[in-house]
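One structure below.
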Amino acid sequence: MRGRVLIVAGSDSGGGAGIQADIKTVTALEGFAATAVTAVTAQNTKGVVDIHCIPARFVALQMEAVLSDIGADCIKTGMLHSTAVIEAVGEVIERLAPNTALVVDPLMIAKGGARLLKLSAVEALKRDLLVRATVATPNIPEAEALTGMKIRDIEGMKHAAEMLHTLGPKAVLVTGGHMRGEVIRDVLCDGGEIELFESPRIATANTHGTGCTLASAIATGLAQGLSIRESVIRARAYVRDAILAAPDFGHGHGPLDHTHTVRPFASPG
């Protein structure tokens, strides 16, 4: 099936999220992962210790090197940190890959609380990337930050997805892991149509990198020719399997087992 995915995101020294989780996910789903590193973090399961940002021009050079040679069937963005990086990423996409599928994971705050996107960069994210996105994958706090609304229930999630859809993305998946309850509910607004996905909540602390993993799994599906809906269904199943098989490493929010489901993946029905 393959499918080339260019991941533009930050590095996680703990290996559970960021570029590391992205590469593992794309590989497990039989895609090919290339990367443009936007930041290097010192972090583990307990949180982010420090962040070293890569200059915007060098982020652009990494993207240009990949796109001019290997190419990409889908581009996935994660931690972009600053307005300058967002603008550089948007410019390269516009110039070299304007028709390539784009998955935007609007990473703003790490699970441990560290801010991964400067407040001043939120408008640039909307203007330069969300408007181009094939799929945007905000969690509830990110959807609240992007819309300015408070999300208290499933109706709020649906409204936020619809609001974000008006910014330009072809589809928006608002993930509901932050909502309390025994059932996880994700809301997909695809072309204006709303669909609700549900699955039982898994009682575990091993959820580090779930957002990165989900977005990269969706990107892999798109790169392999699956529809948005098919990509979301397969990605949710993959994340669930990876959580269930988590190795229970660390003393905080542990990583998933990204290799647990390494097998041929048929297109979901």
Side-chain angles (χ1 to χ4, degrees), residues 12 14-18 20-29 43-48 76 78 103 105-114 116 135-144 151-158 160-161 172-188 195-221 226 229-263 265-266 268-269:
D12 171 8
Q20 286 82 352
D22 297 329
I23 294 172
K24 294 172 190 176
T25 298
V26 174
T27 303
L29 295 173
Q43 67 173 297
N44 53 29
T45 65
K46 295 185 288 186
V48 178
K76 181 260 182 177
V103 174
D105 182 14
L107 279 176
M108 295 183 175
I109 300 174
K111 198 172 294 291
L116 303 180
V135 184
T137 62
N139 59 30
I140 287 177
E142 291 160 352
E144 289 179 333
I151 300 173
R152 295 182 172 86
D153 51 29
I154 193 66
E155 292 304 315
M157 291 176 66
K158 291 178 181 178
V172 177
L173 181 70
V174 178
T175 59
H178 287 78
M179 195 80 71
R180 292 183 179 180
E182 295 182 359
V183 177
I184 298 289
R185 296 179 174 89
D186 299 334
V187 171
L188 176 66
E195 184 171 2
L196 181 65
F197 297 95
E198 298 183 336
S199 57
R201 184 183 296 275
I202 301 168
T204 180
N206 298 315
T207 56
H208 184 52
T210 50
C212 301
T213 300
L214 181 69
S216 286
I218 292 171
T220 308
L226 300 185
R229 183 176 185 273
E230 289 171 333
S231 297
V232 168
I233 290 172
R234 188 180 74 167
R236 293 183 81 255
Y238 172 72
V239 171
R240 181 171 174 78
D241 282 355
I243 292 173
L244 288 170
D248 201 28
F249 292 154
H251 302 283
H253 295 286
L256 317 184
D257 181 357
H258 292 92
T259 68
H260 181 65
T261 51
V262 178
R263 62 176 184 267
F265 279 78

Work out which heavy atom in [X] is nearest to a heavy atom in [Y]; give both atom names and the distance.
X	Y	answer
Ile218	Ala235	CG1-CB, 3.6 Å
Phe197	Arg229	CZ-CG, 4.4 Å
Pro255	Phe249	CD-O, 3.6 Å
Asp12	Gly14	OD1-N, 2.8 Å
Ala219	Lys76	CB-CB, 3.9 Å
Met157	Thr175	CE-C, 4.0 Å

With Ser216, the side chain to side chain donor-acceptor pair (under 3.5 Å) member among Thr27, Thr25, Asp22: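 Result: among Thr27, Thr25, Asp22, Asp22 is the only option passing the side chain to side chain donor-acceptor pair (under 3.5 Å) with Ser216.
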Heavy-atom side-chain contact between Val232 and Glu195 under 4.5 Å: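 No, their side chains stay 4.5 Å or more apart.
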Side chains of His178 and Glu144: does their closest heavy-atom pair fall under 4.5 Å?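 His178 vs Glu144: side chains apart.
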Interatomic spacing from [atom1] in [X] to [atom2] in [Y] - rounded to 0.5 Å:
X	Y	atom1	atom2	answer
Ile23	Cys212	CD1	SG	12.0 Å
Arg240	Leu256	CZ	CG	13.0 Å
Ile140	Arg152	CD1	CZ	12.0 Å

Is it the case that the side chain of [X] and the backbone of [Y] share a donor-acceptor pair, with hydrogens and angles ignored and the cut-off at 3.5 Å?
X	Y	result
Thr204	Asn206	yes
Thr45	Gly252	yes
Asp186	Gly176	yes

For [X], side chain to side chain contact (heavy atoms under 4.5 Å, CB included) partners two or more places apart:
X	answer
Arg185	Ile154, Val183, Leu196, Glu198
Ser199	Ile184, Arg236
Ala160	Ala143, Thr147, Met149, Ile151

Who pairs with Gln20 by side-chain hydrogen bond (donor to acceptor under 3.5 Å, both in side chains), at least two apart in sequence or on another chain?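 So Gln20 forms a side-chain hydrogen bond (donor to acceptor under 3.5 Å, both in side chains) with Ser11.
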Salt bridge (Lys or Arg N to Asp or Glu O under 4.0 Å) with Asp105: which residues, sequence neighbours excluded?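 Asp105: no salt bridge (Lys or Arg N to Asp or Glu O under 4.0 Å) contacts found.
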Sequence-distant partners of Glu182, salt bridge (Lys or Arg N to Asp or Glu O under 4.0 Å), two or more places apart: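 Glu182 satisfies salt bridge (Lys or Arg N to Asp or Glu O under 4.0 Å) with no residue once adjacent residues are dropped.
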